[in-house]
Amino acid sequence: MEDDRRAAKRIPCDLPVRYNQKGAKEYTNTVGKDISDTGIGFISNEFIPKKAHLVFELHPPWKEAPIQTLGEVMWVSSQPHSERFEIGAKFLAPL
């Protein structure tokens, strides 16, 4: 059995997410897999290394304006039979 070391419980989400590597001008669109007060899991078509800093733009349906926050990639896992990656990031700035 795998230990879950997360500090906060994540809940499944189907939330539109945009991100870019800090300093980049263009955002990448994707969908979140799960989210908590302390982090987010999402799918990426590109490999993003651990410790990379990302700027997230989240679009929760209960808010008119998007939420922007800074995050750090904590883990990366390739999806079986796919060229996509599942990524977990912790938020560095409060939502």
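Just so you know, these numbers come straight off a predicted model, no measurement behind them.
Hydrophobic clustering of Ile, Leu, Val, Met, Phe, Trp and Tyr side chains at less than 4.5 Å, counting indirect connections, keeps Val31 apart from Ile11. One hydrophobic cluster, built from ILVMFWY side chains closer than 4.5 Å, holds both Phe47 and Leu54.
Here Arg84 pairs with nothing under the salt bridge (Lys or Arg N to Asp or Glu O under 4.0 Å) rule; sequence neighbours left out.
Residues Arg18 and Thr28 form no side-chain contact, since every pair of their non-hydrogen atoms from C-beta on lies 4.5 Å or further apart. A 4.5 Å side-chain heavy-atom check between Lys51 and Glu72 finds at least one atom pair inside the cut-off. By the 4.5 Å heavy-atom criterion applied to side chains, Val17 and Glu57 are not counted as neighbours.
Shown here for Phe42 and Ala89, the closest heavy-atom pair between the two residues is CE2-CB, 4.4 Å. Across His53 and Leu70, no two heavy atoms sit closer than the pair CB-CD1, 4.3 Å. In terms of heavy atoms, Leu15 sits closest to His59 at CD1-O, 3.1 Å. Shortest non-hydrogen contact noted between Ser36 and Phe91 is O-CE1, 3.5 Å. For Pro60 against Ile67, the heavy-atom pair with the smallest separation is CG-CD1, 3.7 Å.
Here Thr30 contributes atom OG1 and Ile43 contributes atom CD1; the two are 6.5 Å apart, rounded to the nearest 0.5 Å. Separation of atoms OG (Ser44) and CD (Glu83) is listed at 12.5 Å; rounding is to 0.5 Å. Between the CD atom of Glu46 and the CD1 atom of Ile87 there is a distance of 7.5 Å, given to the nearest 0.5 Å. Remark: Gln68 CD to Leu58 CG distance equals 9.0 Å, nearest 0.5 Å. Going from atom CD of Glu26 over to atom CG of Asn20 covers 9.5 Å, rounded to the nearest 0.5 Å. A distance of 4.0 Å separates CH2 in Trp75 from CD in Glu86, rounded to the nearest 0.5 Å.
Here the side chain of Asp34 pairs no donor or acceptor atom with the backbone of Cys13 at under 3.5 angstrom. Not one N or O on the side chain of Thr69 forms a donor-acceptor pair closer than 3.5 Å with the backbone of Phe56.
The aromatic ring centroids of Tyr27 and Tyr19 lie 6.0 Å or more from each other.
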